[in-house]
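Worksheet for the structure shown next.
One-based numbering, in listed order, for ligands and for the atoms of each. Quick note: residue numbers are just sequence positions, from 1. Being a predicted model, the structure only gives us computed values, none of them experimental.
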Amino acid sequence: MLLIKNVKIINANGENPSAQDILIEDGKIVKIAKAIDPKGAQVIDGAGKNILPGFVDLHVHLREPGREDKETIETGSRAAAKGGFTSIFAMPNTSPAIDTAQEVEFVLERAKKAGLVHVYPVGAITKNRDGAQLTEMMDLKRAGCLAVTDDGKSVMNAGLMRRALEYADMAGLVVMQHCQDPTLTGPGVMNEGYHSTLLGLKGDPTLAETVIIARDIELACYLKTRIHFMHVSCARSVDLIRAAKKQGIGVTAEATPHHFSLTDEAVKSFDTATKVAPPLRAKEDVEAIKAGLKDGTIDCIATDHAPHTHEDKEVEFDIAPPGLIGLETAFGLAMKELVIPGVLTLPQVVEKLSAAPARIVGLSDKGQIAEGKDADLVIVDVDKEWIVKREDFVSKSKNSPFVGWKLKGRVLTTISAGKVVYQEQHA
Ligand code: DOR
């Protein structure tokens with residue numbers, strides 16, 4: 001039994017006006033009331049702190065199997081717990097790819113062994129993510145998948161994508177699309193625009209993203225199925241998704257903290273941690289992402305946590321692999337870029353980090369603090385300032401463009417399935 005005392009509860013639908021006690025038993029929230037008798041329970045003092053439903057990240061790269069030098073299911077789960085995430089969705093671009101029930105079972109078994117947060121393996125749409133042959137989606141579902149994606153690549157063949165949407169719909173799987181047409185991205189290594197011209201780096205146009213989004217909206221409209229757009233990065237994509245939603249088409253979308261915190265100007269440092277796919281975009285795109293988060297066009301925040309080793313990243317910008325780590329800085333960035341400037345309220349951040357992502361994948365016992373729901377919780381101090389330091393990352397990789405940034409809003413304690421999985425160490 002765990003009892004959190006005198007803590008202010010923040011749900012997506014608002015704040016509880018006064019502090020409450022939360023009693024946890026067998027991984028569930030069993031009682032929320034004032035002054036619960038602590039008899040027999042481990043007690044956590046929540047006075048002066050806020051408690052939020054544990055964050056749910058639909059987009060995480062754990063690199064296991066295949067690149068355990070970058071991250072493992074255990075180290076990624078630790079990074080998630082430190083960032084306040086209690087459920088993470090593991091991308092299938094591993095080696096081998098997560099494209100059969102066997103690989104799904106492997107990830108689940110490793111996650112269980114780590115015993116930290118809930119890890120949901122996301123299966124591939126096509127075998128080996130080659131874009132040629134569909135995976136056995138019913139098998140993936142039976143093995144424990146809630147979603148499928150070829151993340152890192154778009155499914156380019158429209159006919160195959162149609163079949164993927166139809167089969168996934170039958171299997172009860174959410175299809176998540178990485179939107180980048182490689183014939184338009186070409187050799188681009190950063191956003192095509194003013195800064196790519198200035199820096200002499202090859203550009204990747206927003207068009208590479210929007211043509212896939214436009215095509216997939218048409219597919220979802222015609223087939224009356226759902227689709228989730230991953231790491232939406234530009235203004236035109238937000239416009240397309242907004243219009244699709246107005247017409248009742250079944251689309252949802254995520255944005256990453258880096259796409260609402262940084263513009264392509266950051267690339268002028270030539271820091272390879274600013275190289276990411278899709279790339280950091282122009283100022284007007286960043287503004288549009290924020291507006292999309294505010295008006296509900298963008299449903300949720302997902303990190304696209306993409307660990308890479310120092311050796312892999314310490315090369316010329318052109319040849320560095322894309323990706324940056326995001327689990328440990330997501331909440332602080334949401335506070336800095338969204339809450340403090342008044343784009344979103346704290347309950348709206350809970351909607352984006354917890355409630356909406358849980359809803360998208362059908363985790364009905366997560367994303368909300370209420371009696372009977374899962375005891376996946378994060379205690380935060382919204383006023384606490386901290387500096388992002390390379391040596392403080394618990395992820396195996398350190399490729400963050402936010403090192404040195406001052407953030408306000410700190411995760412203090414993370415509870416997953418009723419167990420404390422992260423506790424801030426006092427200096
Ligand atoms: O920047 C990225 N890195 N984008 C992706 O889609 C894949 C990811 C990775 O796996 O490193």
Taking the non-hydrogen atoms of G152, is any one of them nearer than 4.0 angstrom to ligand 1?
yes
At under 4.0 Å between heavy atoms, what of D151 touches ligand 1? The answer is side chain
Taking only non-hydrogen atoms of V276 and a 4.0 Å limit, the atoms of ligand 1 in range are 1 (O)
Query raised in the report: For ligand 1, is there an N or O atom under 3.5 Å from any N or O atom of P322?
Result: yes
*With the threshold set at 4.0 Å, does a side-chain nitrogen-carboxylate oxygen contact exist between E74 and R78?*
yes
- So, are K366 and D374 salt-bridged, with charged N and O less than 4.0 Å apart? yes
Within 4.0 Å of some non-hydrogen atom of A306, the atoms of ligand 1 are 3 (N), 8 (C), 9 (C), 11 (O)
Can we call the ring centroids of H310 and H308 under 6.0 Å apart? no
Practice problem: Check whether any N or O atom of A277, backbone or side chain, sits under 3.5 Å from an N or O atom of ligand 1, and answer yes or no. | Solution: yes
message = I'd like to know if R163 and E166 make a salt bridge, using a cut-off of under 4.0 Å between side-chain N and carboxylate O.
response = yes
> Judged by modelled atom types alone, do E71 and S395 share a side-chain donor-acceptor pair under 3.5 Å?
Replying inline: yes
Q. Does M230 come within less than 4.0 angstrom of ligand 1, counting non-hydrogen atoms of the residue?
A. no
Flag, side chain of S154 to backbone of H178, donor-acceptor distance under 3.5 Å: yes
Here the atoms of ligand 1 under 4.0 Å from any heavy atom belonging to H231 are 6 (O)
for atom 6 (O) of ligand 1, nearest protein heavy atom and its distance come out as H178 CE1, 3.0 Å
Short version for M91: what comes under 4.0 Å of ligand 1, heavy atoms counted, is neither
Would you say the side chains of S196 and E192 form a donor-acceptor pair under 3.5 Å?
-> no
Taking only non-hydrogen atoms of H308 and a 4.0 Å limit, the atoms of ligand 1 in range are 11 (O)
Checking heavy-atom distances from atom 11 (O) of ligand 1 to each of K275, R63, H61, the winner is R63
| Check ion pair D312-K70 (N to O, under 4.0 angstrom) | yes
Once the angle between the rings of H259 and H231 is folded into 0 to 90°, is it parallel (under 30°), tilted (30 to 60°) or perpendicular (over 60°)?
perpendicular
Contact check: G323 vs ligand 1, nitrogen or oxygen atoms, below 3.5 angstrom: yes
